[in-house]
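Below, chain A is the first sequence line, B the second, and so on; all start at residue 1.
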Amino acid sequence: MASPPDLNSVAPKGFAAWLPHVLLVPVAVVTLYPVLYVVKLAFSGTAGASSSPSPFPERLDFSAFSQVVATTDSSGNWLFGYQLFNSLAVSAVTTVVGISLACTAAYAFARFDFAGRRAGLLGFLATQMFPGILTLIPLYVLIQKLNLLDSLWGLVLVYSTTTIPFCTWTLKGYFDTLPKEIEESAIVDGATRLQIFLRIILPLSAPAIAVTALFSFMSAWNEFVLAYTFLSKEVAYTMPVMIRGYVGEKDVQWSLFAASSLIVSLPVMALFYALEKHLVGGLTSGGVKG
Amino acid sequence: MAQVLLNEIEKSYGDVQVVRRLSLQVAAGEFLVLVGASGCGKSTTLRMVAGLESITSGELRIGERVVNDVPPRDRDIAMVFQSYALYPHMTVYDNMAFGLTLRKVPKAEIATRVRHAAAMLGLNALLDRKPAALSGGQRQRVAMGRAVVRQPAVFLFDEPLSNLDAKLRVQMRLEIAKLHKRLQATILYVTHDQVEAMTLADRIAVMHEGVLQQCASPHEIYATPVNTYVATFIGSPAMNLLPVAVTQNASGWQLTGSGLTLQLGPQEHNLPSTLTVGVRPQDWRRAQPDEAIHARLGVEVVEPLGAETNVFGALVDAIAVPIADKTAQQRQESATIWRSDPSDRVRDGDEIALHITRFHLFSADGQRLHVPAESGVPN
Ligand SMILES: Nc1ncnc2c1ncn2[C@@H]1O[C@H](COP(=O)(O)OP(=O)(O)OP(=O)(O)O)[C@@H](O)[C@H]1O
Ligand SMILES: [Mg+2]
């Protein structure tokens with residue numbers, strides 16, 4: 001593979017050099033301002049923030065955080081603990097279920113020719129074309145019939161089925177790029193299909209699997225509408241539903257809202273950090289002629 | 001070590017027939033090279049033997065066993081791919097050990113075999129590296145090592161050297177030859193490089209558009225090609241093919257045309273009225289004073305190569321227009337090649353009287369005519 005030309009070797013000069021900055025700086029400001037403002041609110045403590053438009057915290061007050069973490073319901077259940085567990089459990093199980101099914105489906109779509117292959121792929125694509133909200137009512141009815149309202153399994157079921165089509169397409173796209181000869185060479189070496197899948201394809205696809213897993217996890221972790229619809233007991237809430245609770249109709253607790261939002265962002269940031277090396281660069285280099 | 005027997009093997013993709021009625025035997029321990037131009041069905045044939053491609057019809061045996069429906073892993077073969085096809089996420093050691101691990105060979109024996117093969121291929125220092133950290137030649141060696149450790153009954157190679165540069169190719173060619181000598185293995189080797197074919201093969205099988213043309217020893221293929229395709233495919237520069245008209249005269253048969261005049265003695269059978277004469281570039285020389293002149297070459301291009309000089313031109317009778325007026329297209333068509341000796345000191349524009357020392361005869365449709373060559377070269 002030819003290495004891409006070094007883009008820095010011919011640096012643009014004059015106006016051309018400034019143009020990207022002229023465009024990017026305003027975009028960066030617009031993107032970062034709300035985030036910084038939330039940080040400021042969160043650190044302003046339960047007393048609330050001043051109304052100054054500055055996005056930088058005026059003090060470091062952790063009282064909003066401690067109040068969010070310490071929340072209990074009337075019968076003394078540690079709500080934050082329950083809700084954190086709910087969110088983690090739902091997102092993790094969704095990811096595991098979704099990725100396992102998507103990987104196997106994507107491999108079949110990428111490598112085998114079977115009746116309904118095209119229809120299946122297009123069907124998956126079609127489901128992605130409608131806004132998710134469209135399925136809210138039918139899903140509610142289904143979940144109710146299955147007796148899964150207020151159950152984490154209900155959410156897992158709905159979340160994983162909605163992420164599978166996207167994950168399958170992404171992974172199929174990646175599997176398509178893996179050289180066939182590597183698998184053929186494994187076939188001749190004596191590997192069965194399953195062994196090839198587990199010992200060659202999966203390790204080689206680690207970057208793609210990491211990306212799709214992250215996507216699955218995040219969409220489950222951040223999902224609000226379905227969770228809000230299906231869950232009515234506070235102990236069953238996931239974190240986004242909990243956050244929503246702080247901006248009730250009667251009293252709006254912006255600092256609690258901001259603090260809980262930051263807490264919810266932490267795991268996703270940690271995940272990004274952990275998966276960074278997989279997100280950048282591939283693993284297949286060197287297997288076939290380079 | 002086992003023989004491979006292809007009996008009337010055919011392969012079609014839908015209506016497209018890619019391999020036709022191919023019968024071929026690779027004897028146990030033999031190094032058979034399958035050559036042919038790109039797209040002639042070499043890889044397809046090899047992949048059918050490997051079991052990576054289904055066989056449309058015919059019978060394939062490895063050893064005594066019919067293996068048409070045996071999956072690749074039970075065929076006891078190892079294959080080296082053109083693109084190496086190493087497992088990128090495994091170290092060199094694991095790449096070589098993979099097949100043995102799958103077969104549940106004891107760990108200690110795997111280690112012995114891998115180290116033995118690594119030593120043989122000069123890979124000892126690289127066992128902990130991943131393929132990405134290897135050069136092309138090293139990757140190729142790992143691919144070969146992966147095949148060697150398996151100790152298969154048959155080795156299959158699909159253009160294993162074509163991704164290497166010229167120098168490395170020569171070196172790896174020698175290593176493959178050594179490997180064969182040491183392992184005494186049955187090898188079916190696909191290439192489109194005739195030098196590889198000539199140097200490595202016990203026997204060469206030449207394929208053209210899915211049809212086997214000739215299968216014989218390198219010497220036989222070179223000395224007695226069965227048709228014009230084989231004649232021009234093997235040998236470099238390629239054999240000159242010169243269409244001639246045949247007339248009978250008092251002393252036998254006279255062949256004239258394309259600027260050539262050849263007198264043959266009496267023949268057992270009548271000759272057809274038109275023939276093609278094949279002359280390898282080194283099979284003519286500057287006619288000595290006492291030698292018959294068979295053709296005159298108008299020299300257009302001289303390519304000195306050091307040990308020899310390739311002279312390109314047109315036979316004079318075949319030149320209707322003066323050389324200088326010819327278009328590039330016409331020159332291409334009339335290109336006749338003579339491999340001269342540097343001491344001949346040939347220059348552009350010379351006209352050289354040539355004497356043929358050896359030639360081949362083909363019928364108008366390209367099949368070899370078995371005319372005793374010695375009786376043929378007159379004076
Ligand atoms: N899946 C396929 N469907 C249809 N035709 C195919 C398919 N695979 C190969 N062919 C055709 O079969 C013919 C032989 O292919 P093959 O790969 O055996 O050629 P080859 O002799 O190995 O050529 P090369 O030297 O370029 O590798 C080609 O004309 C190719 O187009
Ligand atoms: Mg090929």
Discussion item. Tell me if a side-chain donor or acceptor on B:His89 pairs with a main-chain N or O of A:Ser205 at a distance below 3.5 Å.
Written reply: no
Practice prompt. Report, as yes or no, whether the 6.0 Å neighbourhood of atom CZ on B:Arg103 holds more than 12 heavy atoms from other residues, nucleotides or ligands.
Written response: yes
Worksheet entry | Contact class of B:Ile77 relative to chain A, heavy atoms under 4.5 angstrom | both
Worksheet item: Crowded around A:Tyr82 OH? As in, over 12 foreign heavy atoms under 6.0 Å?
Response: no
Worksheet entry | B:Thr101 OG1 to A:Arg199 CZ distance, which is reported to the nearest 0.5 Å | 6.0 Å
Practice prompt. Go through the atoms of B:Arg75 and report whether side chain, backbone, both or neither lie under 4.5 Å from a heavy atom of chain A.
Written response: neither
Item to complete: Return yes when atom CZ of A:Phe85 has more than 12 non-hydrogen atoms of other residues, nucleotides or ligands closer than 6.0 Å, and no otherwise.
Response: no
Discussion item. Minimum heavy-atom separation for B:Phe98 and A:Ala186, please, with both atom names.
Written reply: CE2-CB, 4.1 Å
Fill in: Those residues of residues 187-198 of chain A, ordered by number, that approach chain B below 4.5 Å (heavy atom to heavy atom)
A:Ile187, A:Val188, A:Asp189, A:Gly190, A:Ala191, A:Thr192, A:Gln195
Worksheet, complete the sentence: Value for OH (B:Tyr84) from OG (A:Ser185), rounded to nearest 0.5 Å, stands at 14.0 Å
Item to complete: Apply side chain to side chain contact (heavy atoms under 4.5 Å, CB included) to the pair A:Glu184 and B:Met79, showing each step before the final yes or no.
Response: CA-CA 9 Å; A:Glu184 290 176 341; B:Met79 182 156 169; over 6 Å; no
Item to complete: Decide if atom OH of A:Tyr273 counts as having more than 12 heavy atoms of other residues, nucleotides or ligands within a radius under 6.0 Å.
Response: no
